[in-house]
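All residue numbers refer to positions in the sequence shown, counting from 1. All values derive from a computational prediction rather than experimental measurement.
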Amino acid sequence: MPDPVRLPYSQLDQLPDRDPEETAEWRESLDAVTKAAGPHRAAYLMRRALEHTARTEGTALPSLLETDYVNTIPTSAEPDFPGDEALEARITAWNRWNAAAMVTRGARYGLGGHIATFASAAWLYETGFQHFFRGKEGTDSGDQLYLQGHASPGIYARAFLDGRLTEEQLDHFRQEAGGAGLPSYPHPRRLPWLWEFPTVSMGLGPLSAIYQARFNRYLDHRGIKDTSRSRVWAFLGDGEMDEPESTAALALAGREGLDNLTFVINCNLQRLDGPVRPNFKIVQELEAQFRAAGWNVVKSLWGRAWDEVFAQDTDGALVRRLREVPDAQFQTYATRDAAYLRDHFFGADAALRAIGRTLSDAKLLELFQTSRAGHEPRKVYAAYRAAVEHKGAPTVILAQTVKGYTLGAGFESRNANHQMKKLTGSEFRTMRDLLELPIPDSALADGLVPYRRPAEDSPEMRYLRERRAALDGPAPARKVVARPLPMPADKSFDALKKGSGSQEIATTMAFVRLVKDLMRDKETGRRWVPVVPDEARTFGMESLFPSAGLYSPLGQTYDPVDRDQLLYYKEAKDGQILNEGITEAGSLADFTAAATSYATHGEPMIPFYIFYSMFGWQRTADQFWALADQLGRGFVIGATAGRTTMTGEGLQHADGHSHLIASTNPAALSYDPAFAYEVAVIVKEGLRRMYGPDAEDVFYYLTVYNETKVQPAMPAGVEEGILKGLYRYQEGARPQADSPRAQLLASGTAVHWILEAQRLLAADWGVAADVWSAPSWTELRRDALECDAARLDGEDRIPYVTRALSGAPGPVVAVSDWMRAVPDQIAPWVEQDWVSIGTDGFGLSDTRDAARRHFGVDPQSVVVQTLAALARRGEVKPETVKEARERYGL
C-alpha cells in the first residue's frame with residue numbers, strides 16, 4: 001500500500017540516494033527560506049542553483065522549459081549598438097510611411113492589403129537589413145530570408161527606398177494583370193528578381209526554412225557548395241505558430257544543431273481575428289515548446305522604460321504579475337488610460353501598489369503602450385547578435401510588439417486591425433507627426449497620400465547604401481547564375497528502351513534502376529538528390545544505401561544491425577539520400593530546397609522525391625503549389641500508384657485521384673507511364689527541359705506502379721507521342737474485313753488491361769480494337785487548351801489529341817486506374833463517341849482482380865463497355881452486350 005504522505009511520487013524515488021542526510025538538509029534549507037521569505041524567494045534560489053549547475057562543466061542537467069516573463073538579455077548585457085540609431089529611425093519612419101501609403105492608395109480600387117503586421121515588425125526587419133541580412137553580390141550564397149507574407153508592403157517600401165522599385169510600381173500593388181504590378185505577397189514566380197521564398201501560406205515558411213537550413217549543410221557536407229556563411233532567417237507571426245507545419249520539424253533542427261537558422265517570431269499577441277492566447281501566454285508556451293525541442297530561446301519582450309520598474313521589484317511581485325496576466329488583458333492594457341493601468345495592473349497587491357505610486361501617468365502609458373523590445377533597435381540588435389553567435393543549436397527570438405504600432409489609436413492592438421486596409425487623412429497626419437517626417441499638410445490636401453523618400457545625397461540614403469554594400473548588396477533578392485547541366489549519356493536510357501526480356505519488373509523498379517545508373521554519371525551523378533519518407537525498401541531503393549549513403553550530419557556513430565549484408569543501412573556525413581522518416585511534409589520541404597538550389601546557391605541539383613502515391617498530392621498539395629511558386633525543378637514520383645494495385649492496403653492507401661489534383665498545378669508536368677521505356681523517354685526529356693540551356697521552371701510528376709510485368713522494347717517512332725501524351729501502341733487485328741472497330745486508350749498499368757480486352761474482343765466477339773497508350777491526359781488537355789486560345793487569335797491550330805485520333809474508326813473507350821475525371825480531361829477534343837471507365841469512389845482491400853472487377857475496369861468489363869458503345873452506334877446487336885455480361889459473370 002503506497003504511503004499517502006509521500007504522494008505524489010518522484011522519478012528520483014527509483015534511484016538510490018547515496019547521502020539521504022544531505023538531501024534532507026537541502027529540503028530543510030528550502031523549507032526555511034519558504035517560511036522566512038516566501039515561496040517565490042525559494043523558487044528564485046532554486047533557479048539560480050539550476051542555472052549554475054547547468055553551466056558547470058560535466059553536469060547533465062536539462063534546462064528549464066519556461067523562464068520568467070522578462071527579457072533573456074538584460075540591458076546591462078546588451079552589446080554596443082554599431083549603427084547610427086537616429087539615421088536608422090528616420091529610414092524606418094520612411095518605410096512605415098510608404099508602406100501605409102501604398103496600401104491606402106490601393107484601397108481606392110478595393111484591392112486591400114495589410115498594414116498592421118509590418119507596423120508592428122518594422123524594427124525587426126530594419127535591424128536585420130541594416131546589420132545582419134547578407135545579400136547575393138558577395139562570393140557565396142548570402143542569407144536566405146523567409147519574410148512574413150502580410151509584411152510585404154514594408155519590404156516593398158524598403159525596395160522603393162533603395163531604388164529597386166518606382167512609385168509607379170508601388171501604385172500597381174496587387175494589380176498584376178497588366179504584367180508590371182507587384183504581387184500581394186512574396187511570390188517568386190510573379191516577381192522573381194526580388195522574392196526567393198513564398199511564405200504567405202502560413203506554416204509552410206517555418207517548415208521550409210528548417211529544411212533549407214539543413215539542405216545548406218547537406219551541400220556543404222557533400223562538398224558541392226561552401227554554405228558556412230549562409231544563415232536562414234524566418235520571420236513568423238505568433239498566431240502562425242498554431243499551424244501544425246510551423247512546429248512539425250522543430251525537433252529536427254534541434255537534433256541536428258542547425259545553428260545556421262534563426263526564427264524571429266513577432267509576438268504582437270494577435271492573430272487575424274483576436275488574441276492568439278486570450279486566457280494564456282503565447283510567449284511562455286512557445287518558449288517551452290522550442291526549449292523542449294533543443295532550441296536556444298531569446299525572449300525580447302520589454303523596452304528600456306521597464307528597467308527602472310524592474311529595479312524596484314525586490315520581492316518579485318512585478319514578475320509574478322507579468323506572468324499571471326493573460327495575453328488578452330495585455331492587449332487591453334495597450335489601449336487604456338493611466339487610471340485603468342494603475343488600478344487593474346498595479347492594484348493587485350500592496351507591493352505593486354507601492355511601485356505604482358512611483359510612476360507618473362505618462363510613464364504608465366509608455367510602459368504599456370509603446371515600450372516593447374520589438375520596437376527598440378538596441379533590443380532587437382542584441383537578440384540578433386545573440387542568435388548569430390550561438391553555436392550548437394538553432395535560435396528562436398520571441399520579440400514582443402504592438403500590432404499596428406505607430407498607426408494611431410484606431411489601429412494599435414485592435415482586434416480588427418488585420419482587416420483594416422487604409423488610414424484616413426487625419427490618421428496620416430498623426431502618423432507623420434509621431435514619426436517626425438517632413439511632409440507638409442499641403443501634400444495631404446487632396447486625399448491621395450504621397451510617397452516620399454529622402455534625396456539621393458541625403459545622410460539617410462548614403463547610410464542605407466553603405467550598410468547594404470557592407471552586407472553584400474540588396475536583400476531580399478533572387479539571383480539565378482546556375483549553368484546548364486550536360487545531358488547524361490544515352491546508354492543509361494537505352495537499357496530501359498530495350499525492354500526486360502522475359503523478366504517481370506514494375507515501373508517503380510524501372511525508374512529506380514534508371515536513376516541508379518544516372519547517379520553514376522561522371523558529370524551529373526553527384527547532383528542527384530534522392531528524397532524518400534521512410535519507404536525506400538518499399539520502392540526497392542535499398543540497393544542505393546551502400547553506394548550513395550543516407551545523409552546524416554553525424555555520419556554513422558553506431559554499428560548497423562545489417563552490416564554483414566550487402567545492402568546494409570549506411571549513413572554518412574556526405575551521404576546522398578535524404579531519408580526523412582515518416583514525414584511527407586518534411587520530405588517535400590527537402591525536395592523544394594534541392595529543387596531551387598539552382599537559384600538559392602547557383603548550384604543546380606536534380607532531386608527526385610519518391611513517395612507512397614496516396615500520400616503525396618493529397619497530403620501536401622499546398623506545398624506543391626508553393627514549390628511551383630518558388631520555381632522548383634525536379635522529379636516527383638508517386639510510387640505504388642493507382643486505386644487497385646495496392647492489394648490489401650485499403651481505402652486510405654488507394655490513390656485514384658492524385659493526377660486530378662496535380663492537373664490543377666500549372667508547373668507540374670504529369671505523366672502516368674505504362675512501360676519502362678516511357679519512363680526513360682520522359683525522364684530524359686525532363687532533364688533537358690529543366691537543366692538544359694533553355695531551362696524551364698517546371699517539375700515532373702510521374703506515377704509508377706508496383707505491379708510486375710514483362711517490359712517490352714520501345715517501338716520505333718513513339719517518342720513524340722509519349723511526351724505529348726498519346727500514341728498508338730498496337731493496332732488491332734481485323735478478324736474480318738467488315739469487323740466492327742474500336743479505339744482503346746489507357747494509361748499506366750491499365751494498358752495491360754486493354755491489351756487483354758483487345759484479345760477478348762477479337763477472339764470472342766469479332767471486334768478489332770486498337771490499343772493506345774496515353775502517358776499524359778493532362779498534357780493532352782493543356783495542348784488542346786492552348787490550341788483553343790490560339791484559334792481565338794486567328795491561328796489554325798488543331799489539338800494533338802484530335803490529330804492523333806483523326807480518322808480512327810469506332811468509339812473511343814478510355815480506361816485508367818484513376819477516377820474518370822482524369823481521362824475525361826480530353827473528351828471535348830475527341831471527335832469520336834467517347835466512353836470513360838475509371839475507379840471513382842473509395843478504395844478497398846482485396847486482390848487486384850477482385851478490386852478491378854468491383855470498379856468495372858478489368859479486361860472483361862472493358863469488353864462489355866466497348867460492346868455497349870458499338871451497340872449504341874448500331875455496329876453490334878444490343879443483345880450482344882447482355883450475352884457478354886453473362887459470359888464474363890458481370
Side-chain angles (χ1 to χ4, degrees), residues 146 197-199 201-218 232 234 236 240-258 261 263 289-290 292-295 394 529-539 541-542 544-545 548-554 569 571 575-597 605 607-627 630 632 634-641 649 652-653 655 658 661 699 701:
Y146 288 77
F197 308 106
T199 54
S201 188
M202 287 189 282
L204 298 191
L207 177 71
S208 298
I210 290 173
Y211 282 91
Q212 181 65 58
R214 183 168 182 261
F215 190 75
N216 290 0
R217 289 277 176 84
Y218 171 91
V232 176
L236 317 165
E240 180 179 6
M241 299 310 294
D242 283 346
E243 288 284 4
E245 296 89 348
S246 294
T247 57
L250 297 186
L252 166 69
R255 183 171 67 245
E256 298 198 359
L258 297 179
L261 170 67
F263 275 17
Q289 194 169 15
F290 277 88
W295 288 56
V529 183
V531 182
V532 57
D534 201 35
E535 288 277 8
R537 296 183 192 276
T538 301
F539 310 139
M541 291 176 58
E542 63 269 27
L544 295 176
F545 289 175
L550 297 107
Y551 171 72
S552 168
L554 299 179
Y569 196 84
E571 293 190 88
Q576 197 163 352
I577 303 169
L578 292 171
N579 191 332
E580 290 305 343
I582 304 174
T583 167
E584 285 80 11
S587 298
L588 187 47
D590 249 339
F591 178 86
T592 301
T596 54
S597 180
M605 305 300 287
F608 77 87
Y609 166 38
I610 187 167
F611 52 85
Y612 223 134
S613 178
M614 185 69 163
F615 308 132
W617 286 86
Q618 173 170 290
R619 181 167 288 186
T620 54
D622 193 13
Q623 284 179 272
F624 278 116
W625 202 260
L627 169 70
Q630 201 170 323
F635 296 96
V636 177
I637 311 300
T640 62
E649 292 289 345
Q652 284 188 280
H653 286 64
D655 177 19
S658 69
I661 303 174
F699 63 95
Y701 174 50

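- By the 30° and 60° cut-offs, the orientation of the rings of Phe699 relative to Trp617 is parallel.
- Glu584 meets the salt bridge (charged side-chain N to carboxylate O under 4.0 Å, His left out) test with Arg619; sequence neighbours excluded.
- Within the 4.5 Å cutoff, no side-chain heavy atoms of Tyr701 are placed close to those of Phe624.
- Atom CG in Leu250 sits 6.0 Å away from atom CD in Gln289 (nearest 0.5 Å).
- Nearest heavy atoms, Ser613 versus Ser658: OG-OG, 4.0 Å.
- Listed by chain and number, the residues in a ring pair (Phe, Tyr, Trp, His ring centres under 6.0 Å) with Tyr612 are Phe615, His653 (sequence neighbours excluded).
- The distance from atom CD of Glu245 to atom CG of Leu588, rounded to the nearest 0.5 Å, is 11.0 Å.
- Taking Asp242 as the reference, Arg271, Arg277 meet the salt bridge (charged side-chain N to carboxylate O under 4.0 Å, His left out) condition, with sequence neighbours excluded.
- For Glu571, there are no salt bridge (charged side-chain N to carboxylate O under 4.0 Å, His left out) partners two or more places apart in sequence or in a different chain.
- Evaluation of the ring pair (Phe, Tyr, Trp, His ring centres under 6.0 Å) rule for Phe608 yields Phe511 as partners, not counting sequence neighbours.
- Looking at residues two or more places apart in sequence or on another chain, you find a side-chain hydrogen bond (donor to acceptor under 3.5 Å, both in side chains) between Thr596 and Gln630.
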Stepwise side chain to side chain contact (heavy atoms under 4.5 Å, CB included) test for Met241 and Leu236: CA-CA 8 Å; Met241 299 310 294; Leu236 317 165; 3.8 Å; yes
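- The heavy-atom pair separating Ala589 from Gln623 by the smallest distance is N-NE2, 3.7 Å.
- The minimum heavy-atom distance linking Arg217 with Gly257 is given by the pair NH1-O, 3.5 Å.
- The minimum heavy-atom distance linking Thr620 with Gly616 is given by the pair OG1-O, 2.7 Å.
- A donor-acceptor pair is defined here as one N or O able to donate and one able to accept, closer than 3.5 Å; no such pair exists between the side chain of Glu240 and the backbone of Ser246.
- Residues satisfying the ring pair (Phe, Tyr, Trp, His ring centres under 6.0 Å) test with Phe591, not counting sequence neighbours, are none.
- The only option from Phe635, Phe611, Tyr609 that meets the side chain to side chain contact (heavy atoms under 4.5 Å, CB included) definition with Val531 turns out to be Tyr609.
- Checked against ring pair (Phe, Tyr, Trp, His ring centres under 6.0 Å), Tyr551 has the following partners two or more places apart in sequence or in another chain: Tyr218, His221.
- In this structure, the side-chain contact (heavy atoms from CB on, under 4.5 Å) partners of Arg255, at least two apart in sequence or on a different chain, are Ala251, Leu252.
- Looking at residues two or more places apart in sequence or on another chain, you find a side-chain hydrogen bond (donor to acceptor under 3.5 Å, both in side chains) between Gln618 and His657.
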List, one per line, each side-chain donor-acceptor pair under 3.5 Å for residues 201-210, sequence neighbours excluded.
| unit_1 | atom_1 | unit_2 | atom_2 | d |
| --- | --- | --- | --- | --- |
| Ser201 | OG | Asp622 | OD1 | 3.2 |
| Ser201 | OG | Asp622 | OD2 | 2.4 |
| Ser208 | OG | Leu204 | O | 2.8 |

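- With sequence neighbours excluded, the residues satisfying side-chain hydrogen bond (donor to acceptor under 3.5 Å, both in side chains) with Glu535 are Thr538.
- A salt bridge links Glu256 and Arg214; the closest N-O separation between the charged side-chain nitrogens and carboxylate oxygens is under 4.0 Å.
- Counting heavy atoms from C-beta on, the side chains of Tyr211 and Leu578 never come closer than 4.5 Å.
- Side-chain contact check for Val232 versus Phe197: every heavy-atom pair is 4.5 Å or farther apart.
- Considering all non-hydrogen atoms of both residues, Gly254 and Trp295 come closest at N-NE1, 3.9 Å.
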